[in-house]
2 protein chains.
Amino acid sequence: MADRLSPSMEMYLKTILSLEKDGQPARVQAIASALDVKKPSVSGALHSLKQKGLVVQQSYGAVHLTEEGRTVAKQVTARFEILKRFLSEVLGVDATNTSREACELEHVLCSETVQRLHLFLDFLEHCNLDVNAIMEHFQEYLQQRLAGGHCPNCELKSGECGTKPADRA
Amino acid sequence: MADRLSPSMEMYLKTILSLEKDGQPARVQAIASALDVKKPSVSGALHSLKQKGLVVQQSYGAVHLTEEGRTVAKQVTARFEILKRFLSEVLGVDATNTSREACELEHVLCSETVQRLHLFLDFLEHCNLDVNAIMEHFQEYLQQRLAGGHCPNCELKSGECGTKPADRA
DNA sequence: CCCTCGTGTTAGGAAAGGCTAACTTTTATA
DNA sequence: TATAAAAGTTAGCCTTTCCTAACACGAGGG
């Protein structure tokens, strides 16, 4: 398999797939709006994706994924969905942030790691009834700790990974 | 607080802190080797970090972190350690990959998410004895699934997030 | 004291990915 | 059908981060 695409190129593919799924033709303008970039950036990116054989586009027309492009787009999208689930279901990250953050992670994590995350979610969901109780317990613990409580057994110092105490009040 | 530094700049700071911790003076050459870049790249980066007030360096001499630079470097390092622990202790990611992957994540995840991950590890470690059993159960499940077993309740299709069946044999 | 060699810096350039401005093509409407 | 608006493209530029080549400093050996 060729080297991984850049985050930027993966985003273009993911966006094209997503527009297609919504039944919209993937026009330059629509891609630009979805990614919050300008049209010339899209044109440039498409030029590069065409060279790689991942999309086709008749001049001045809509963009279509090739089979290979579709495969990559689906992979990226699948990663995104798994990461979003993990962030929200396990870590309880705020809905405002899950998409943005999953979107950065999807370009960075290797398949193996995403798969393990997927299996972790799968495990929590299907394979052990006790797990739900544990996860609820974790969510409670999380709320307490985020509210300022302190675990007596733990040397976690607030601020050490970038969150100041004031941020968590 | 100012905007987040670029991944690259965070890496320079983290590396300088790490060299200092090893008792070595943070010279341009040492930083270059540690990051696998050439000396002029380091000079350029240091120029930018000096302008931001994050490092000081007498000309042709060793580099030192300012108080602010040290704070950032420590935050990045702390994120790295937490992510590495999560990847290895929870997901069982291979030791060869944990550092590389944690190193990419550390620049991408927001403080809130890293903190939640930290609390998750903390929870697993200190706050519920049953959790260990669950996690061991997960590790077993992981091994089975990675060896080709299939969860009857789960529609996980191999390959959908980029791992081909052949990769997992 | 000078010279050499390792280390640091500067100059100049490439690639990626974004931008604006200006041009071309298509579409839609009067 | 003529033409204006919308959509796409091209040209040219900026920033970041890396590179190579060439130059400058500075500590140790003759």
Side-chain angles (χ1 to χ4, degrees), chain A residues 2-16 19-20 22 24-65 69 72-73 76 100 103-104 106-108, chain B residues 2-16 19-20 22 24-65 69 72-73 76 100 103-104 106-108:
Chain A
D3 252 0
R4 189 91 167 246
L5 290 173
S6 66
S8 185
M9 292 302 127
E10 288 190 346
M11 283 310 294
Y12 283 104
L13 292 178
K14 188 176 113 174
T15 301
I16 293 162
L19 288 169
E20 281 188 5
D22 293 354
Q24 301 177 49
R27 322 284 330 252
V28 169
Q29 183 69 264
I31 299 170
S33 307
L35 288 175
D36 199 29
V37 298
K38 305 296 178 186
K39 290 181 293 168
S41 305
V42 176
S43 278
L46 291 178
H47 190 77
S48 154
L49 292 171
K50 282 178 220 168
Q51 283 198 320
K52 294 185 166 74
L54 299 169
V55 304
V56 290
Q57 178 197 27
Q58 56 273 45
S59 220
Y60 293 91
V63 181
H64 297 282
L65 294 164
V72 175
V76 177
R100 187 186 42 68
C103 197
E104 309 211 53
E106 77 196 6
H107 313 293
V108 150
Chain B
D3 252 359
R4 188 92 167 247
L5 290 174
S6 67
S8 185
M9 292 301 129
E10 288 189 346
M11 283 309 294
Y12 283 104
L13 292 179
K14 188 177 112 174
T15 301
I16 293 164
L19 288 169
E20 281 187 6
D22 292 354
Q24 299 177 51
R27 319 292 316 260
V28 168
Q29 182 69 265
I31 298 169
S33 307
L35 287 176
D36 199 28
V37 299
K38 305 297 179 184
K39 289 181 294 167
S41 305
V42 176
S43 278
L46 290 178
H47 191 77
S48 154
L49 291 172
K50 282 178 220 170
Q51 283 197 321
K52 294 184 166 77
L54 299 169
V55 303
V56 289
Q57 179 198 25
Q58 56 273 44
S59 221
Y60 291 91
V63 181
H64 298 280
L65 294 164
V72 175
V76 177
R100 187 186 43 67
C103 198
E104 308 211 54
E106 78 197 6
H107 311 295
V108 152

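Because only heavy atoms are used, hydrogens play no part in the values below, and waters and symmetry mates are left out as well, while side chains stay in. By convention in this document, chain letters (A, B, ...) are assigned in the order of the sequence lines, proteins followed by strands, and residues within each chain are numbered from 1.
In this structure, A:Thr15 contributes its side chain and A:Met11 its backbone to a donor-acceptor pair below 3.5 Å.
Between the CG atom of A:Asp36 and the P atom of C:dG18 there is a distance of 11 Å, rounded to whole Å.
Annotation for B:Leu13 and B:Gly69: closest pair CD1-O, 4.3 Å, computed over non-hydrogen atoms. Between B:Ala30 and B:Leu19 the shortest heavy-atom distance is CB-CD1, 3.9 Å. The minimum heavy-atom distance between A:Tyr12 and A:Ala45, with the atom names listed, is CE1-CB, 3.3 Å.
Sparse packing is recorded around CG of A:Asp36, with 12 or fewer heavy atoms of other residues, nucleotides or ligands lying under 6.0 Å away.
One finds the CD atom of A:Gln29 at 9.5 Å from the NZ atom of A:Lys38 (value rounded to the nearest 0.5 Å). The distance from atom OG of A:Ser48 to atom CG of A:Leu54, rounded to the nearest 0.5 Å, is 8.5 Å.
Residues A:Lys14 and A:Glu10 are not paired through a salt bridge, judged by the lack of any N-O separation under 4.0 Å between the basic side chain and the carboxylate.
Checked against B:Glu104 for a side-chain contact (heavy atoms from CB on, under 4.5 Å), the options B:His107, B:Glu106, B:Arg100 give a single hit: B:Arg100.
Listed by residue number, B:Ser6, B:Ser8, B:Met9, B:Tyr12 are the residues of residues 4-16 of chain B with a heavy-atom contact under 4.0 Å to DNA chain D.
Heavy-atom contacts of chain B under 4.0 Å fall on DNA chain D between two terminal nucleotides, which in 5' to 3' order are D:dT17 to D:dC25.
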Please encode protein proximity along nucleotides 3-12 of chain C as a string of B, S and -, counting only heavy-atom distances under 4.0 Å. ----BBBB--

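B:Val72 has its side chain out of reach of B:Met9: every pair of non-hydrogen atoms, C-beta onward, lies at least 4.5 Å apart.
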